[in-house]
Participant: 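Quick one: the structure is below, questions incoming.
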Amino acid sequence: MSTRKRVAILISGRGSNMRALIEAARAPDYPGAIVLVVSSTPDAEGLKFANSAGIATAVVDKARFGRTDADREAYDAELSAALEDARVEFVCLAGFMRILSSGFVRKWDGRIINIHPSLLPAFRGLKPQAQALAAKVKVSGCTVHYVVPELDAGPTIAQAEVPVLPDDTVETLSDRILAAEHRLYPEALKKALAV
Ligand code: GAR
């Protein structure tokens with residue numbers, strides 16, 4: 001019987017980190033199997049790759065839900081049902097642009113991780129690459145961390161640094177960080193699955 005943990009990836013868009021995880025998990029000795037990709041939007045680009053890779057996909061469309069606490073809980077209940085139906089054991093957020101309820105996060109405590117394009121605790125929240133440029137730092141990067149109810153605040157699993165160059169734009173810096181993300185996330189997931 002396989003001892004690989006059953007992993008779901010949650011996305012909202014392009015899904016390039018999802019793709020890096022799917023490709024890494026093809027190695028026979030990788031400790032996780034990607035069994036489900038869930039998107040918060042039906043038109044997420046990443047769904048196409050997941051489908052073409054033969055991975056089960058689901059959409060829990062954020063457009064069907066409002067912005068109240070009750071809506072958030074209803075959204076997370078549908079998400080939980082999709083994860084439970086697929087017997088998911090571990091969850092990776094990969095560009096999932098939706099804040100999860102504290103109930104959902106507590107339920108997955110220690111089994112849900114996220115990637116963020118800054119060296120946390122620096123530049124939490126939105127547009128961290130623009131925040132890094134505005135702060136004129138010389139080094140930025142990315143962080144894979146456990147998800148806790150407070151945004152971008154959970155314990156760090158792994159980080160990768162990249163230089164910030166004098167003529168960087170948000171786009172050039174984001175691209176350099178993204179390349180580092182694609183190397184970091186599969187390694188960080190491997191590490192988290194070994195705990
Ligand atoms: C990535 O840069 C990821 O770190 C970031 O969104 C991008 C998703 O790209 N996530 C966040 O900013 C979360 N706070 P991808 O869809 O190509 O993986």
Side-chain angles (χ1 to χ4, degrees), residues 5-22 25 32-118 120-121 123-131 142-155 157 170 174 178 181 185 188-189 192:
K5 284 259 170 64
R6 296 175 66 82
V7 177
I9 305 173
L10 273 47
I11 65 169
S12 297
R14 181 177 52 189
S16 68
N17 278 292
M18 172 211 73
R19 183 174 178 148
L21 292 172
I22 290 172
I34 313 301
V35 297
L36 180 68
V37 169
V38 184
S39 173
S40 63
T41 63
D43 52 359
E45 184 69 21
L47 285 172
K48 293 183 199 149
F49 181 83
N51 282 322
S52 71
I55 291 168
T57 59
V59 175
V60 184
D61 189 352
K62 64 176 186 189
R64 288 195 290 109
F65 298 82
R67 291 171 178 271
T68 65
D69 285 352
D71 285 313
R72 195 167 295 290
E73 274 158 30
Y75 184 95
D76 291 357
E78 276 199 30
L79 186 56
S80 280
L83 298 174
E84 279 157 22
D85 282 354
R87 293 179 291 115
V88 166
E89 299 169 289
F90 201 95
V91 177
C92 292
L93 309 185
F96 185 70
M97 302 311 265
R98 199 182 155 85
I99 294 176
L100 295 161
S101 63
S102 54
F104 182 93
V105 171
R106 273 198 296 273
K107 183 168 162 188
W108 287 93
D109 185 34
R111 298 180 300 140
I112 180 166
I113 66 177
N114 178 47
I115 189 157
H116 184 79
S118 76
L120 291 172
F123 314 132
R124 292 177 181 175
L126 291 175
K127 302 191 168 122
Q129 303 95 334
Q131 292 185 53
C142 48
T143 303
V144 177
H145 64 93
Y146 286 102
V147 176
V148 297
E150 192 184 342
L151 188 66
D152 300 329
I157 298 163
V170 170
S174 300
L178 192 65
E181 292 183 47
Y185 210 171
L189 173 59

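The model shown is predicted, which means the values in this text are computed figures rather than measured ones. Along the sequence shown, the residues carry numbers beginning at 1.
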Participant: Just jot down the ring-ring contact (aromatic ring centres under 6.0 Å, His included) partners of Tyr146, sequence neighbours excluded, or say none.
Facilitator: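 Scan of Tyr146 (ring-ring contact (aromatic ring centres under 6.0 Å, His included), adjacent residues dropped) gives none.
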Participant: Please name all residues satisfying side chain to side chain donor-acceptor pair (under 3.5 Å) with Thr143, sequence neighbours left out, ordered by chain then number.
Facilitator: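 Checked Thr143 against side chain to side chain donor-acceptor pair (under 3.5 Å); matches are Gln159.
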Participant: Using every non-hydrogen atom in the two residues, find where Gln131 and Leu126 come nearest and quote the distance to one decimal.
Facilitator: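 For Gln131 and Leu126, the tightest heavy-atom pair comes out as NE2-O, 2.7 Å.
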Participant: For Arg106, give me all partners under salt bridge (Lys or Arg N to Asp or Glu O under 4.0 Å), at least two apart in sequence or on another chain.
Facilitator: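 Arg106 satisfies salt bridge (Lys or Arg N to Asp or Glu O under 4.0 Å) with no other residue.
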Participant: What pair of heavy atoms forms the shortest contact from Pro155 to Val148, and how long is it?
Facilitator: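 Pro155 and Val148 have their closest heavy atoms at CD-CG1, 4.1 Å.
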Participant: List the atom pairs, donor and acceptor, that lie under 3.5 Å between side-chain atoms in residues 46-56 and the rest of the protein, sequence neighbours left out.
Facilitator:
from	atom 1	to	atom 2	distance (Å)
Lys48	NZ	Glu45	OE1	3.3
Asn51	OD1	Thr57	OG1	3.1
Asn51	ND2	Leu47	O	3.1
Ser52	OG	Lys48	O	3.4
Ser52	OG	Phe49	O	2.9

Participant: Any salt bridge (charged side-chain N to carboxylate O under 4.0 Å, His left out) pairs touching residues 56-73, not counting sequence neighbours?
Facilitator: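 Residue pairs with at least one partner in residues 56-73: Arg64-Glu78.
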Participant: Please round to the nearest 0.5 Å and tell me the distance separating atom CZ of Arg124 and atom NE2 of His145.
Facilitator: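 Separation between the atoms: 9.5 Å.
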Participant: To the closest 0.5 Å, what do you measure between CD1 (Ile115) and CG (Leu21)?
Facilitator: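 Answer rounded to 0.5 Å: 8.0 Å.
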Participant: Distance-only, no hydrogens or angles: does the Ser118 side chain make a donor-acceptor pair with backbone N or O of Pro128 under 3.5 Å?
Facilitator: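 Side chain of Ser118 to backbone of Pro128: no pair is present.
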Participant: Go through it in stages, so that I can follow the logic: the residues are Ile113 and Tyr185, the test is side chain to side chain contact (heavy atoms under 4.5 Å, CB included), and I'd like the CA-CA distance, side-chain angles, deciding distance and then a yes or no.
Facilitator: CA-CA 10 Å; Ile113 66 177; Tyr185 210 171; 3.7 Å; yes
Participant: Passes side chain to side chain contact (heavy atoms under 4.5 Å, CB included), Leu178 versus Arg14? Steps please.
Facilitator: CA-CA 12 Å; Leu178 192 65; Arg14 181 177 52 189; 3.6 Å; yes
Participant: Quick one: side chain to side chain contact (heavy atoms under 4.5 Å, CB included) partners of Ala74, sequence neighbours excluded?
Facilitator: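 Testing Ala74 for side chain to side chain contact (heavy atoms under 4.5 Å, CB included), a comparison that skips the adjacent residues, returns Phe65.
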Participant: OG of Ser40 to OH of Tyr75: how many Å apart, nearest 0.5 Å?
Facilitator: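 OH of Tyr75 is found 4.5 Å from OG of Ser40.
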Participant: Which residues pass the side chain to side chain contact (heavy atoms under 4.5 Å, CB included) test with Ala25, not counting sequence neighbours?
Facilitator: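 In terms of side chain to side chain contact (heavy atoms under 4.5 Å, CB included), with neighbours along the sequence ignored, Ala25 is linked to Tyr30, Ile34.
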Participant: Give, for atom CG of Asn17 and atom CG of Leu189, the distance between the pair rounded to the nearest 0.5 Å.
Facilitator: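 Interatomic distance, Asn17 CG to Leu189 CG, rounded to 0.5 Å: 11.5 Å.
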Participant: What pairs with Arg19 under salt bridge (Lys or Arg N to Asp or Glu O under 4.0 Å), at least two apart in sequence or on another chain?
Facilitator: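 Only Glu23 meet the salt bridge (Lys or Arg N to Asp or Glu O under 4.0 Å) criterion with Arg19.
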Participant: Looking at Pro121, is its backbone amide N or carbonyl O close enough to the side chain of His116 to form a donor-acceptor pair, meaning the two atoms are under 3.5 Å apart?
Facilitator: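 Such a contact is absent between His116 side chain and Pro121 backbone.
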Participant: Partners of Ala77 by side chain to side chain contact (heavy atoms under 4.5 Å, CB included), sequence neighbours excluded?
Facilitator: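 With neighbours one apart ignored, the set is empty.
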Participant: Checking Ser12 against Thr41: is there a side-chain donor and acceptor pair closer than 3.5 Å?
Facilitator: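 Their side chains do not contain a donor-acceptor pair, so the 3.5 Å distance test is not met.
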Participant: Enumerate, atom names and distances included, each donor-acceptor pair closer than 3.5 Å involving a side-chain atom of residues 86-105, sequence neighbours excluded.
Facilitator:
from	atom 1	to	atom 2	distance (Å)
Glu89	OE1	Arg6	N	2.7
Ser101	OG	Asp76	OD2	2.6
Ser101	OG	Phe104	N	3.3

Participant: Roughly how far, to the nearest 0.5 Å, is OG of Ser39 from CG of Leu10?
Facilitator: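 Interatomic distance, Leu10 CG to Ser39 OG, rounded to 0.5 Å: 9.0 Å.
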